[in-house]
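Reviewing the structure listed below.
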Amino acid sequence: MRLKRTFHCGKLDKNYIGNRVVVAGWVQGRRDHGGLIFIDLRDRYGIIQVVFDQQKNADFFSQAEKLRAEYVIAVAGQVVARSEETVNPKLPTGEIEITTEDMEVFSTSRTPPFYIEDQLDTDENIRLSYRYLDLRRPEMQRSLELRHRVSLATREYLDAAGFWEIETPFLTRSTPEGARDYLVPSRTAPGNFFALPQSPQLFKQLLMVSGVDRYFQIVRCFRDEDLRADRQPEFTQIDMEMSFCDRRDIMEEVENLVCSLFARVLGKKLHSPFPVLTYAEAMERYGSDRPDRRFGMELKDISDIAARCGFNVFKKVVERNGAVKGLLVQEGGSFSRKELDDLTALVQSWGTGGLAWMIVTEDEVKSPISKFFTSEQLADLSRRLEGKPGDVLLFVADKKELALKVLGQLRLHLAHKLGRIPGDVDDFLWVVDFPLFVYDDEEERFAANHHPFTAPLPEDLTMLEDSPLKARSQAYDLVYNGIEVAGGSIRIHDRATQERIFGLLQMTPEEAVEKFGFLLQAFEYGAPPHGGIAFGLDRLLMLMAGDTSIRNVIPFPKTASGNCLLTGAPAPVTPAQLRELHISLCKNEKQP
RNA sequence: GGAGCCGUGGUGUAGCCUGGUAAACAUGCCGGCCUGUCAAGCCGGAGAUCGCGGGUUCAAAUCCCGUCGGCUCCGCCA
């Protein structure tokens, strides 16, 4: 390297006119006028125009003619003002340019497979295969910076609030419950395996028992489950835990953290405190435990009307303790018969029997099922859903939970399809009072809704054994624009209650000791009341960046099938490696 | 585990439903001209057998089956 950089491309402006500078970066583009060549030189900070003049740069002009996109060069020269008519208002550095006095080519480049620019329209597999080129694009550079800024602001905020960042093991033991673990074979203990953590849950609770009082960690977590646009097998959490606190303390601390992040990183002021919805209310009004409230379209119960009507499908559902739920779609009266049929097929794919619809007009209600309703009942339905002429009313009749869930999904589907979700809103809310347990049909037993260390609501402790599905927990989720970005709970901190919960999860005392003995024992040595929360950092960043894919805020993400297109992982290993780990593959698996 | 969409020069698309002459367009790339462009311009040129495999047919980018890869969703993700 002969030429040493003295200034960043994007940081020069007219204040530097007259300076001799050395800039270095990638050739963004070249405009060759024969005896005059313009090069846009790009670095992390921006783009500056460099001018090569055949008259003035005779000794290396021929070298400049050979420059191509993505060559890496350094240029020494004068910062000069552009003449008024050649100023480029689109560039922050458009008032100046660099006239070259010297140049060095550090490396050449093959023709890149896609343009290094925003608004890229390329197959994602090409972007991922050439991620180092993708990351050169300004919007990806901003994404990398956003991640850095948020992590840094998180550390600064939490440090000031008395939290210590403490690392916990990545090689730990597999635990029952929860997601599928990524396993790591032990070489020194044949046949035994480590698991990569799904979260540092148990370690942070132990740190509370250790007297750490306030802990946090920006930490990678691993879950071997199928991927989604907002789910990766390895992802990052902002993990927090606090002692001697109730859930309001934690929620307040989290709100302050979020407000601080938005103020410092995005310059946005959020309204706090965030609204709080109970799980029951969220389900009833939005059919979701992570409601998107940026648009209306709340669900309404019409079971009472349905019970009185002559439509058997509705009537029978109500008689069997089911429910009929309604959704108003404003101006949905223009849906074609085919569109309504498609919506019906959609809700059927979500597991319910069908979709009933009624189109409200000036003087009647048009529907294949209107004949089963008295005109008074039809008017009641319109009134209940606040339907006006031109609207459509949609109904799902099923078991209450399913009806709500299906109609909630339909609500989201239609809001997206009809473009009714405002883009410039930051809606945060808490959902609290989750059921402590859910019933796992496959395993035919109760399962922890949040995780088995979540404390029940004190007033629901007595119903644990008799009606476990009614018991609520001291868990809370933070929802941002309809996406869960954080979840946590007050934890159990005494052995008896913890054993009671394990028992309800059909874990034998022996099993409990075998899997979680270290936690149970820790609780016998003075455990403070404690609770915490974990943010999905990637999701938070995705939303802060206004993106819809988590992959754009992860530097090196995996594809939907869990592959890394850049490195080719996962990949076979040698027989020697397997032997060392005491592993043999099944016959039908490909041996390397 | 299931469903849907997609796969055509380097890149983005058209063609596919209604099989049939040199697979079209844009951009990029290469060469030439050009001293004020910034999506530079003008002229010329090269470049894909249509993800892969099989089948139907006189004939397949086009129809059928399978498979691989990408994306989205359901299940799953405490």
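Below, each value reflects all heavy atoms present in this structure, side chains not excepted, and no hydrogens, waters or symmetry copies. Order of the sequence lines sets the chain letters (A, B, ...), proteins ahead of strands, with each chain counted from 1.
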**Study point:** Pair A:F222 + A:F235: ring centers closer than 6.0 Å
**Key:** no
Check your understanding: Parallel under 30°, tilted from 30 to 60°, perpendicular over 60°: which one fits the rings of A:Y130 and A:F114?
Key -> perpendicular
Point to revise | Strand partner of B:G69, provided both Watson-Crick or wobble distances fall under 3.5 Å | key: B:C6
**Study point:** Minimum heavy-atom distance between A:E484 and A:R290, given as atom pair plus value
**Key:** N-CD, 4.0 Å
Review point. What does A:L565 touch in the nucleic acid at a heavy-atom separation under 4.0 angstrom: a base, only the sugar-phosphate, or nothing?
Key: sugar-phosphate
Review point. A:Q49 has a side chain; which of B:C38, B:G31, B:G75 sits nearest to it?
Key: B:C38
Exercise for review: Measure from the side chain of A:N125, starting at C-beta and using heavy atoms only, and say which of B:C34, B:G69, B:U35 lies closest.
Suggested key: B:G69
Exercise for review: Kindly indicate whether the side chain of A:R127 and the base of B:G70 share any N or O donor-acceptor pair separated by less than 3.5 Å?
Suggested key: no
**Study point:** Presence of salt bridge, A:E465 and A:R500, under 4.0 angstrom
**Key:** yes
Review point. Are A:H33 and B:A40 stacked, counting the six-membered base ring, centres under 5.5 Å, planes under 30°?
Key: yes
Check your understanding: For B:U57, what is the paired nucleotide under Watson-Crick or G-U wobble rules, both distances under 3.5 Å?
Key -> none
Review point. What distance, rounded to whole Å, do you find between the two P atoms, one in B:A61 and one in B:U21?
Key: 10 Å
Study note, to complete from the structure: note: A:L120, atom CG; B:G12, atom P; distance rounded to Å ~ 9 Å
Review point. What integer number of Å spans the C1' atoms of B:U37 and B:C17?
Key: 47 Å
Exercise for review: Classify every nucleotide of nucleotides 4-10 of chain B by which part a protein heavy atom approaches to under 4.0 Å, writing B for the base, S for the sugar-phosphate alone and - for neither, in 5'-to-3' order.
Suggested key: ------B
Practice item. Whole angstrom is fine here: how far is it from CD1 in A:I37 over to P in B:C38? Key: 16 Å
Solution key, residues 555-570 of chain A side-chain donor-acceptor pairs under 3.5 Å, sequence neighbours excluded:
residue, atom, partner, partner atom, Å
A:K558, NZ, A:E234, OE2, 3.1
A:T559, OG1, A:S561, N, 3.4
A:T559, OG1, A:S561, OG, 3.3
A:T559, OG1, A:N563, N, 3.3
A:S561, OG, A:N563, ND2, 3.2
A:T567, OG1, A:A569, N, 3.2

Check your understanding: With sugar-phosphate meaning primed atoms plus P, OP1 and OP2, does A:E97 contact a base, only sugar-phosphate, or nothing at under 4.0 Å between heavy atoms?
Key -> base
Exercise for review: Assign A:T559 to base, sugar-phosphate, or nothing according to its heavy-atom contacts below 4.0 angstrom with the strands shown.
Suggested key: sugar-phosphate
Check your understanding: Quick check, are the ring centers of A:F446 and A:Y439 under 6.0 angstrom apart?
Key -> yes
Review point. Which part of the nucleic acid, if any, lies within contact of A:A448, taking any heavy atom under 4.0 Å across all strands shown: a base, the sugar-phosphate backbone alone, or nothing?
Key: sugar-phosphate
**Study point:** Pairing residues for A:Y16 by the ring pair (Phe, Tyr, Trp, His ring centres under 6.0 Å) criterion, not counting sequence neighbours
**Key:** A:F7
Exercise for review: May I have the distance from A:E65 (atom CD) to B:G31 (atom C1'), rounded to whole angstrom?
Suggested key: 13 Å
Exercise for review: Can you tell me, in whole Å, how much space there is between the C1' of B:C50 and that of B:G7?
Suggested key: 10 Å
Review point. Is the base of B:C38 touched by the side chain of A:R82 through a donor-acceptor pair closer than 3.5 angstrom?
Key: yes
